[in-house]
Amino acid sequence: MIQYYHINGELTPVAEAQLHVTDLAIMRGYGVFDYFRALQGRALFVEDYVQRFFNSAKLLQLEVPCSQLELRQNIQQLLDKNGEDKAGIRLILTGGYTTDSYTPVKPNLLILQHPYASYAAEAYERGIKMLTYEYRREIPVAKTINYVTGIRIQKWLKENGADAVLYYDNDIIKESDRSNFFLIDQAGKLVTPEADVLPGITRMKVIQVAKELGLPVEERTVQLNEIFEAKEAFITSSIKGVLPVTYMDDKAIGTGQVGDISKQLGAAFEALVERYVMAKT
Ligand SMILES: *Cc1c(COP(=O)(O)O)cnc(C)c1O
C-alpha cells in the first residue's frame, strides 16, 4: 500500500497531501516533473533522473528547494516508508503559490509514489502503430507538465487504431509524446533525432548498450521519410523500455514485424537495469 508522499520535505499521508488552489501549476500549467521506476525498493538510474529534474527546473527558472543528494535521500526515504518493492516515482516542482496569478514565488516540491506500471506484454511481440503529427514541443529539453497536445489527440489516435503519436516539425522527426524515437536503417545503423527532444534517460541507456554491443549509432537530424526506408523502429521510455514500432501511418516499417535488433536492444537494456539493481541492493 502506498500510504505516503513526500511534500515539501515532509513525509505526508496520501489523504493529507494537497496544494493550495493558487499554485501556478493550476493557474498557468507552470511546472516541471520527472518519472522513473523503482525495483527491489531502489530507484532506477536515480542520479540521472534527479539531474535532469534539476535541469528542467533551471530551464523554467525555478529553484529546487534542496540539493540533488537530499532529493535522492528523500526519494529513498519515501520508498522505504511505503515498503513496496516495485513502484513508479514522480517528482513535481510547481511554480508555487502566486499572489498575482502569474509570478512564480516559492516552488512546491512533491515526490509521489505510484503503483508499478508496465506496458502490455503483447505490444512487445506485435509492435505498436504510430501516427505522425506535426507539433513542436516548447522548451523541448525540459520535462514540463505541459502535455496539452499529447492528451488532446488521445481520442484521435484511438479512433484511428494507433497506440502512440510521432511528432515531427518541418519534416524532421522529433519524438513521441512521452517517449524518444529510434530507427534502424538498411545498413543496420541505429539512428535517433538529436536536437529539440527530451533527453530521455532510457534513450541514453539504449545508446550506451548499443555501443557496448558494437552497433553503430548516429544522433542526428532525421527526415520524416526515412521511417519508410527503415528496417526497424522503436520508442523508448522509463515505463516502456524498448517498445518496437511496426506501423507508421498505416504503412509497415520493414516487414511489419518486430525486428531482431529491437529485440536485442530491449534485452540488453533490461540486463543493464538488472545490473543497476544488483549493484544497489
Ligand atoms: C519522459 C519523456 C520521454 C522519455 O524519457 P525517459 O527518461 O526515457 O522516460 C521522452 N519524451 C518526452 C516528451 C517525455 O516527456
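Just so you know, ligand 1 is whichever comes first in the structure, and atom 1 is the first atom listed for that ligand. Computed from a prediction, not measured in an experiment: that's the story for all the values here.
Heavy-atom proximity to N180, at under 4.0 Å, picks out these atoms of ligand 1: 4 (C), 10 (C). Remark: ligand 1 atoms within the under-4.0 Å shell around heavy atoms of I201 are 6 (P), 7 (O), 8 (O). Close approach of ligand 1 to R137 is summarised as follows: ligand atoms under 4.0 Å from at least one heavy atom of the residue are 13 (C). The distance from ligand 1 to the heavy atoms of E175 drops below 4.0 Å at these ligand atoms: 10 (C), 11 (N), 12 (C), 13 (C). Per-residue contacts place Y49 under 4.0 angstrom from the following atoms of ligand 1 (heavy atoms of the residue considered): 7 (O). Ligand 1 places these atoms under 4.0 Å from at least one heavy atom of S237: 8 (O), 9 (O).
Taking a cutoff of 4.0 Å between a charged side-chain nitrogen and a carboxylate oxygen, R137 and E175 qualify as a salt bridge. A salt bridge is absent between E194 and R220; no separation between the charged side-chain nitrogens and carboxylate oxygens falls under 4.0 Å. A salt bridge links E47 and K280; the closest N-O separation between the charged side-chain nitrogens and carboxylate oxygens is under 4.0 Å.
Within a 6.0 Å sphere centred on NZ of K81, other residues, nucleotides and ligands contribute 12 heavy atoms or fewer.
At a 4.0 Å heavy-atom cut-off, ligand 1 touches D177 through the backbone alone.
Taking the centre of each ring, Y30 and Y102 stay at or above the 6.0 Å mark.
Among K143, R178, R203, K205, the residue whose heavy atom sits closest to atom 1 (C) of ligand 1 is K143. Between atom 10 (C) of ligand 1 and the options G241, S238, S179, G200, the minimum heavy-atom separation is to S179.
Residue S176 places no N or O, backbone or side chain, under 3.5 Å from any N or O of ligand 1. Considering both main-chain and side-chain atoms, T236 never comes within under 3.5 Å of ligand 1 through any nitrogen or oxygen pair. Checked against a 3.5 angstrom limit, the closest N/O atoms of Y147 and ligand 1 fall inside it.
The protein non-hydrogen atom at the shortest distance from atom 8 (O) of ligand 1 is T202 OG1, 2.6 Å.
Between F36 and ligand 1 there is no heavy-atom distance shorter than 4.0 Å. The shortest heavy-atom distance from D34 to ligand 1 is not under 4.0 Å.
By the 6.0 Å and 45° rule, K205 stacks over the aromatic ring of F45.
For the residue pair D85 / Q40, no side-chain donor-acceptor distance below 3.5 Å is found, with atom types taken as modelled. For the residue pair T98 / D100, a side-chain donor-acceptor distance below 3.5 Å is found, with atom types taken as modelled.
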Evaluate side chain to side chain contact (heavy atoms under 4.5 Å, CB included) for K155 paired with E159, printing each intermediate quantity in order. CA-CA 6 Å; K155 193 160 163 264; E159 282 167 2; 3.6 Å; yes
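By the 4.5 Å heavy-atom criterion applied to side chains, Q264 and L213 are counted as neighbours.
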